[in-house]
Amino acid sequence: MPERIFIGVAWPYANGPLHLGHVAGCYLSADIFARYHRAKGNEVLMVSGSDSHGTPITVRAEAEGVTPEEILNRYHPQFVDSWDKLGISFDLFTSTHTENHQEVVHDLFSVLLERGYLYEQAMLLAYCPDCQRFLPDRYVNGTCPHCGFERARGDQCDNCGRTLDPQDLIQPRCVISNSEPDFRESEHFFLKLSAFEKPLLDWVNQQTHWRPNVLNFTRRFLEDGLKDRAITRDLTWGVPIPLDGYEGKRIYVWFEAVSGYLSAAVEWAKLHGDGKSWEAFWKDPDTKAYYFIGKDNIPFHTIIWPAILMAYGGGLNLPYDVPANEFLSLEDRKFSTSENWAVWVHDYLSRYDPDPLRYLLSINMPESGDTNFSWAEFVRRNNEELVATFGNLVHRVLSFTYRNFDEKVPPAGPPGDLEQELLQSAREAMDSVDRDLRDCHFKAAIGRAFSLAQQVNRYLDARAPWQSIKTDRTEAATTLYTATTVINCLKMLLYPFLPFSAQRLHEYLGLEGTVESLSWDFDALIDAVQPGNPLRQPSPLYTKFDPQVVDDEVQRLGVSVA
RNA sequence: GGCGACGUAGCUCAGCGGUCAGAGCGGGCGCUUCAUAAGCGCUAGGUCACUGGUUCGAACCCAGUCGUCGCCA
């Protein structure tokens, strides 16, 4: 029976381009998972969008002297383009700057207010008399009271690393006008998180299938106790408060952005069908909701968003799993946008194919611990593994068959022991990768698929059809037929990871339609390759990189683009 | 300052109480030639950061040390 799977993926800030850290953090694993479930015949809805309202965007806009919309309109289309070219198959990638999103957030806000989970309270905040407005914490600079650093920010001192409140600063200054702010009271709405400490702990303790890092982190967070948090700010960019008298205030991103998971589903339903189809993904308790995020986002998805959903009532599904990845570093240093220590996704895609990158980031995914990306490793894995083990296997089988058997799948004789053995291995690999992907064990899954490719290489060496074709044409035919059927299984096993080349392979095998239209079923995949079926002229699925690529790419790192 | 994570073969990473500690790649030796000098076999390589402790038994649990890195006050 088909399952229904909701996949929410972290919302990237639309204040700068995407780099490989983002991809490795959550987008690739989400996409692998989505493609796997679609191939299994399950109903998938995968959504995300540009986080349009964060302080980073207004900071960037003011620095450039443009509106926040201009920043959003610059990066959002670039994100969409990158997802398309990288094959991240969102059903909808929207933004938080839509009317629909605002309506959904207003509904959440209003219901929570009505049910008593929001309350108003005064806060003491920095106000700049020149700018005539309240200042976000990071808009205030001053001398750090701990270390004496003169350009500490209101939220944190960059010198000693301590987090601060703007009131702590000695000689605070507005970063825009450089004048001294005063501190005024401002009324804000607070989410009564404290009310959910016990229910959340009970719920979390049932989630034994979560990754240990996610579960442990969440438990510790809860054991430290939950404090109510302000969900509004004195800003003019963002979702307004749906009440009169709050014109200078907006709903703060950490409440608003996570609501995007719900609003995006609603928007998707409006775009496809009667506008009600989102409900099956949110209200049917049999639907499983997965949230793919980086580890820095864990508490928002295992505590705050579930608390909001509990507070809202209405039977909306809580997360089933939150498979958060750890961090990727780049040439042993952490990614840094400001130092241009990054590999930008659109830049990568302007020079190289998506699948080699998807391969490397899959086999070396920061699934249970931080991992490192290096160009040397990228080139090596491509040349020695992707090309040599899998690409070459496909090419040696298909080109030999195409040339010697009239451009068709050869007529097979009865299978011998080695054939039975190989087919059994393929069947087991399909079961094993199936379980691994279901459980979000991506590295284990792709590793298992590649070990099947190695087994096919071994099988070919044992049977040596380039020899047998001279003496026993039927034996050669049987060997190549068997190898081809197993390659058809490999195509499906690797499709979630390598969708572009899997589709090309699908075509070389002479099959119509898309890989995804086939089902994840061993017998069906074997049957799809019938003797006599016409093949298409194959060409290598991947090409090797010149080792010079390593030097060229490393040279680009850290170079100022200004 | 508090909390936490990580430190496993030359490289990138699995393993997280119980058969001689694993994989891929790289090294050495051999086989093969259908294939993108690709494939296959054999082989070498590790005091599982260090020091103590718990246990019949620890890479895996506990404490401390060193190193790297996060989060929080």
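The sequence lines fix the lettering, A, B, ..., with proteins before strands; numbering per chain opens at 1. Just so it is clear, the model here is predicted, and its values are computed rather than measured.
The aromatic ring centroids of A:Tyr290 and A:Phe33 lie less than 6.0 Å from each other.
Judged by the 6.0 Å and 45° rule, A:Arg233 forms a cation-pi pair with A:Tyr252.
Using cut-offs of 30° and 60° on the angle between ring planes, the pair A:Trp375 and A:Tyr348 is parallel.
The same atom, P, is picked in B:rG41 and in B:rC25; the two are 10 Å apart, to the nearest Å. Nucleotides B:rC13 and B:rC6 have their P atoms positioned 15 Å apart, rounded to a whole Å. Rounded to whole Å, the separation between the P atoms of B:rC11 and B:rC50 comes to 16 Å. Rounded to the nearest Å, the gap between the C1' atom of B:rG2 and that of B:rG46 is 36 Å. Across B:rU51 and B:rA59, the matching C1' atoms stand 16 Å from one another, rounded to whole Å. Comparing B:rC61 with B:rU8, their P atoms are spaced 15 Å from each other, to the whole Å. The C1' atoms of B:rC16 and B:rC62 are separated by 15 Å, rounded to the nearest whole Å. Only the P atoms considered, B:rG10 is 14 Å distant from B:rA49, to the nearest whole Å.
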Read 5' to 3' with Watson-Crick or G-U pairs under 3.5 Å, [ ] for crossing pairs and | for partners on another strand, RNA chain B gives ((((((((.[[[[.)..(...]]]].(((((.......))))).....[[[[[..)....]]]]]))))))).
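A donor-acceptor pair shorter than 3.5 Å cannot be found between the side chains of A:His188 and A:Gln121. Between A:Asn297 and A:Tyr291, the side chains place no donor N or O within less than 3.5 Å of an acceptor N or O (distance only, hydrogens not considered). Residues A:Glu385 and A:Tyr359 bring a donor and an acceptor atom of their side chains to less than 3.5 Å of each other. Inspection of the A:Gln455 and A:Ser425 side chains reveals an N or O donor paired with an N or O acceptor under 3.5 Å.
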Classify every nucleotide of nucleotides 2-13 of chain B by which part a protein heavy atom approaches to under 4.0 Å, writing B for the base, S for the sugar-phosphate alone and - for neither, in 5'-to-3' order. -SS-------BS
5' to 3', nucleotides 28-38 of chain B under a 4.0 Å protein heavy-atom cut-off (B base, S sugar-phosphate only, - none) gives ----SSBBB-S
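Between A:Phe450 atom CZ and B:rA14 atom C1' the separation is 17 Å, expressed in whole Å. Atom pair A:Asp439:CG and B:rA14:C1' shows a separation of 17 Å (rounding to whole Å applied). Rounded to a whole Å, the CG atom of A:Asn213 is 14 Å from the C1' atom of B:rC16. Computed from coordinates, the A:Lys334 NZ to B:rC71 C1' distance equals 11 Å when rounded to whole Å. Rounded to a whole Å, the CD atom of A:Gln455 is 10 Å from the P atom of B:rG41. The CZ-P distance, from A:Arg463 to B:rC40, rounds to 17 Å in whole Å.
Proximity of A:Leu20 to A:Leu330: side-chain heavy atoms (C-beta onward) are nowhere separated by under 4.5 Å. Contact annotation: the side chain of A:Thr482 approaches that of A:Tyr459 to within less than 4.5 Å [non-hydrogen atoms, C-beta and beyond].
Other residues, nucleotides and ligands contribute only 12 or fewer heavy atoms inside 6.0 Å of the CD atom of A:Gln555.
A:Ile487 contributes atom CD1, which lies 5.5 Å from atom CG of A:Leu398 (distance to the nearest 0.5 angstrom).
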Using side-chain hydrogen bond (donor to acceptor under 3.5 Å, both in side chains), reason through A:Arg211 and A:Asn216 one step at a time and then give a plain yes or no. CA-CA 9 Å; A:Arg211 290 182 180 174; A:Asn216 292 339; over 6 Å; no
